[in-house]
Amino acid sequence: MMGQASRRPPEASLNDAQLLDTQRAFDSVAEDYDGPRGNNELIQRMRTTLWDTVCREVSPGSQLLDIGCGTGLDAIEFARRGHQVIATDWSPAMIGRTRSRAAVAGLESHVVAMHLGVQQLDQLHEEFDGIYSNFGPLNCAPDLRGVAEECARLLKPGGKLVFSVIGRICPWELGHYALRGRFRRASVRGTRGPAAVGMNKHTIWTYYYLPREFYRAFAPLFSLESYRALSLFMPPPYLVDYYRKRRPWYERLGRLDDRMGALPLLRDMGDHFLIVMRRR
């Protein structure tokens, strides 16, 4: 069992200005986030892993909460599979895209999109069978222990959390930037406290976690079911050009991810990790 939680010291917490920076960054890319920036081949591969995990962990027809829904790709997929989804995001532009996607798909009765940040979960009063979050919205949470408490309040007893979180140790990233002499960029995931990550001339304020660091905030209220690496042998999604040049070779690496990504030590590395927890 991993260690117990302690709240992040106030000086390490994101302030309102930093939260707005992050909101503006995602607003600025919402229009084209379904394309290469937010849904290339490597992202789709990771996305499918989360879809299959959620559907394995919750019953058919479940009520789900999506934290950080982006343009709604995950919410729509789960609605198509028969679930009811409340999709939330801190970016109003992303919520607009999610609502449009649900309307085009004829799934407005199955997907409710709400402009709500991860720091605002106290405004929800529904009860859920499962809560998921994909591609790191929880890395931008100013108070992870507070998120854990709200998730416990919103989940039914025995309900599941399935989170895809940006990890602290990404061998591909370390090697890619170190070989180019960009040592400061190579070490950014080692930052203690929020790191400023540029996107589209804006800043996303991001915490990086080892799986055990992330789980500490949830340990008092949730049991750890499993976790695994995502994009360990495969390159991270922003290096998709490597994949496109030698697709068959990288697909072999992807199969190594599938077979070995849940092994001890290896599961602590990768671009992201996928963690599953059960409400006590």
Side-chain angles (χ1 to χ4, degrees), residues 21-51 68-71 73-74 89-91 93-94 97 133-140 163-191 194-211 214 228-258 261 266-274:
D21 282 345
T22 298
Q23 182 185 82
R24 293 187 189 108
F26 283 103
D27 278 346
S28 75
V29 299
E31 189 62 32
D32 66 349
Y33 207 63
D34 299 341
R37 189 195 301 272
N39 197 40
N40 64 43
E41 299 95 319
L42 298 180
I43 291 175
Q44 289 170 16
R45 196 178 197 284
M46 296 164 69
R47 195 183 294 280
T48 299
T49 302
L50 179 129
W51 290 350
C69 65
T71 62
L73 288 167
D74 300 322
D89 202 283
W90 179 227
S91 162
M94 291 290 190
R97 292 296 311 282
S133 182
N134 207 1
F135 296 113
L138 295 175
N139 292 87
C140 301
F163 295 152
S164 170
V165 182
I166 306 171
R168 187 178 288 283
I169 302 173
C170 179
W172 262 96
E173 184 167 295
L174 285 167
H176 175 76
Y177 287 112
L179 287 172
R180 286 156 179 77
R182 297 179 61 184
F183 300 108
R184 185 173 180 181
R185 177 62 184 84
S187 64
V188 69
R189 296 192 189 216
T191 303
V197 179
M199 186 172 73
N200 205 34
K201 300 181 180 179
H202 294 273
T203 301
I204 301 171
W205 292 92
T206 306
Y207 295 103
Y208 295 99
Y209 296 101
L210 292 169
F214 184 84
R228 62 170 300 116
L230 297 175
S231 281
L232 170 58
F233 296 101
M234 288 281 264
Y238 61 85
L239 297 179
V240 69
D241 286 344
Y242 286 97
Y243 171 83
R244 289 170 178 165
K245 289 174 182 175
R246 300 185 65 187
R247 192 178 302 254
W249 190 79
Y250 282 105
E251 282 297 327
R252 289 195 287 272
L253 292 183
R255 289 192 285 275
L256 284 180
D257 271 347
D258 297 338
L266 292 179
R267 63 186 177 178
D268 292 310
M269 298 182 281
D271 183 53
H272 285 62
F273 58 87
L274 185 70

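Quick note: numbers below take in every heavy atom, side chains included, and nothing from hydrogens, waters or symmetry partners.
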Give a yes or no on whether the backbone of [Y] and the side-chain of [X] come within a donor-acceptor separation of less than 3.5 Å.
X	Y	answer
Asn40	Pro237	yes
Asn200	His202	no
Arg45	Gly254	yes
Thr206	Asn139	no

### Query
What distance separates Asn39 CG from Tyr33 OH, expressed to the nearest 0.5 Å?
9.5 Å
### Message
Rounded to the nearest 0.5 Å, what separates atom OH in Tyr250 from atom OH in Tyr242?
### Response
7.0 Å
Name each donor-acceptor pair under 3.5 Å that joins a side chain in residues 167-175 to protein atoms two or more places apart or in another chain, with its distance.
residue	atom	partner	partner atom	Å
Arg168	NE	Glu213	OE1	3.0
Arg168	NH1	Arg189	O	2.8
Arg168	NH1	Thr191	O	3.2
Arg168	NH2	Tyr208	O	2.8
Arg168	NH2	Glu213	OE1	3.4
Trp172	NE1	Phe233	O	2.8
Glu173	OE1	Arg189	NE	3.4
Glu173	OE1	Arg189	NH2	3.0
Glu173	OE1	Tyr238	OH	2.6
Glu173	OE2	Arg185	NH1	3.1
Glu173	OE2	Arg189	NE	3.0

Would you name the heavy atoms of [X] and [Y] that are closest together and state the gap between them?
X	Y	value
Arg97	Asp32	NH1-N, 4.2 Å
Ser133	Leu50	O-CD1, 3.8 Å
Asp89	Ser91	OD1-N, 2.9 Å
Ser28	Ala25	OG-O, 2.6 Å
Ala178	Phe183	O-CE2, 3.6 Å

### Query
What do you reckon, is CD of Glu41 surrounded by more than 12 foreign heavy atoms closer than 6.0 Å?
yes
#### Entry: Listed partners of Phe163 passing ring pair (Phe, Tyr, Trp, His ring centres under 6.0 Å), at least two apart
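Per chain and number, Phe163 pairs via ring pair (Phe, Tyr, Trp, His ring centres under 6.0 Å) with Phe218.
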### Query
What residues form a ring pair (Phe, Tyr, Trp, His ring centres under 6.0 Å) with Phe135, not counting sequence neighbours?
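Here the qualifying residues are His272.
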#### Entry: From Ile166, Leu42, Val165, Leu274, residue fulfilling side chain to side chain contact (heavy atoms under 4.5 Å, CB included) relative to Leu230
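For Leu230, the side chain to side chain contact (heavy atoms under 4.5 Å, CB included) test succeeds with only one of Ile166, Leu42, Val165, Leu274, which is Leu274.
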### Query
Going by heavy atoms in the side chains, are Pro236 and Leu239 under 4.5 Å from each other?
yes
### Task
Report yes if some heavy atom in the side chain of Ile204 is under 4.5 Å from a heavy atom in the side chain of Phe26; otherwise report no.
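Yes. Closest side-chain heavy atoms under 4.5 Å.
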### Query
For the residue pair Tyr209 and Phe214, does the interplanar ring angle fall in the parallel (under 30°), tilted (30 to 60°) or perpendicular (over 60°) class?
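Perpendicular, since the angle between the ring planes exceeds 60°.
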### Message
Taking Arg244 first and then Asp241, would you say they form a salt bridge - that is, a charged N and a carboxylate O separated by under 4.0 Å?
### Response
yes
### Message
Is there a side-chain contact (heavy atoms from CB on, under 4.5 Å) between Met234 and Leu256? Walk through the geometry before answering.
### Response
CA-CA 9 Å; Met234 288 281 264; Leu256 284 180; over 6 Å; no
